[in-house]
Amino acid sequence: MSDNGPVRILLVDDQPLLRMGFRLILEGEDDLSIVGEASNGAEAVRHVRELAPDVVLMDVRMPVLDGIEATRAIAASGSDAKIIILTTFDLDEYAFAALRAGASAFLLKDVAPAELISAVRVVASGDAVVAPRVTQRLLETYVRGAGGMDPAGTAGAGGQGAGSPARPARDPLLEDLTPRENEMLGAMAEGLSNAEIAHRYFLSEATVKTHVRRILTKLHLRDRVQAVVYAYETGLVVPSNADY
C-alpha cells in the first residue's frame, strides 16, 4: 500500500461497463484511487510498469493476453502490485491457474460493493487472503488429483492425472522452517487470518506477522496466498473430503 496516499488501483477488463461500475464503487472511497484502466492483459502489463499500482483488478478471460499470462508476467517482473483475479464462478480452473501464477486473491464479478472495497484494502495491506474459505475450497478442488488440471488440460501440481495423486516429495526448503513456522504455515493454509492465528497460538499479531514474513522469505514466496498454494502443492496440507 502507498505510504503517503490512497491505494492505487488498476482496472483490467475487456468490458467497459464493468470497469465503469468498479470505478464508481471504488472512487467513492477516500483511501482508494483509480490510476488507470486496461482492456487486455498486454495493456495491463504495460500499465503496471508505467503506473506502479498497488492493486490490480484483473479479468481472467481477455483478448490479446489473458489474465493468467498477464499475472505471470507482472509477478515475474518484480512488481509489488497485488493482483485480484475477477471471475464469474467460484470453482474456476482459470482462477486457480492465476493463483498459481502469482495472484493474491480472486473475487466473483457479482461481488457486493462493500466486499469489493474491503477486498482491495485487505490485499493492499498484505495481511490476509480474500475470502479464505472460498480460496481454500478452490485449492482443494484443483490440487486434488482428478481436479488438479490446468486450463490447458495438463496435469496440475506434481504432474498427477486422474485418480489418487501420489504424495509429493518433501521440499528441502521446508527444512529451513522452525517448528513454530511450520505451525504458522499450516494455519495459513487453513485460511486463518493473522488475528485468528494469534488467538490460536496465544501470540500477538505483530509476532504472527514476523513469522509470516520469515516464512515467505525462506520459501521464496510472493505473498500469503502463494504460501497457501505451496502448502497444498507440496503435500504439507492434504485436501479434505471431496464434498468440502
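Computed from a prediction, not measured in an experiment: that's the story for all the values here. This chain uses plain numbering: 1 for the first residue, then up along the sequence.
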Testing the basics here: between [X] and [Y], what is the closest heavy-atom pair and its distance to 0.1 Å?
X      : Y      : answer
Ala124 : Val55  : CB-CG2, 3.8 Å
Ala187 : Ile197 : CB-CG1, 3.8 Å
Ala81  : Pro53  : CB-O, 3.4 Å
Glu181 : Leu177 : OE1-CA, 3.4 Å
Ala97  : Ile68  : CB-CD1, 3.7 Å
Ala231 : Ala189 : CB-CB, 3.7 Å

With rounding to the nearest 0.5 Å, note down the distance linking [atom1] in [X] to [atom2] in [Y].
X      : Y      : atom1 : atom2 : answer
His220 : Tyr230 : NE2   : OH    : 9.0 Å
Met62  : Asp13  : CE    : CG    : 7.0 Å
Glu69  : Asn40  : CD    : CG    : 13.5 Å
Asn194 : His211 : CG    : NE2   : 11.0 Å
Met184 : Arg213 : CE    : CZ    : 14.0 Å
Ile9   : Ser33  : CD1   : OG    : 7.5 Å

Do [X] and [Y] come close enough that some side-chain heavy atom pair is under 4.5 Å?
X      : Y      : result
Val123 : Asp223 : no
Asp59  : Val12  : no
Tyr201 : Thr207 : no
Glu37  : Arg23  : yes
Leu26  : Ile34  : yes
Lys218 : Leu173 : no
Val56  : Ile84  : no
Lys109 : Gln15  : yes

So, the side chain of [X] versus the backbone of [Y]: is there a donor-acceptor pair under 3.5 Å, distance only?
X      : Y      : answer
Gln226 : Arg222 : no
Ser77  : Ile74  : yes
Arg72  : Ala101 : no
Arg8   : Leu51  : yes

Problem - Identified side-chain contact (heavy atoms from CB on, under 4.5 Å) counterpart of Thr71 within the set Ile83, Val60, Asp66, Val45 - result: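 Passing option: Ile83.
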
Problem - Cluster link Leu10 to Leu24, ILVMFWY, side chain under 4.5 Å - result: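 Result: no, two separate clusters.
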
Problem - Cluster overlap Ile25 with Met20, hydrophobic side-chain contacts below 4.5 Å - result: no

Exercise for the section: Identify whether the distance between the nearest side-chain nitrogen and carboxylate oxygen of Arg121 and Asp31 falls below 4.0 Å. Expected result: yes

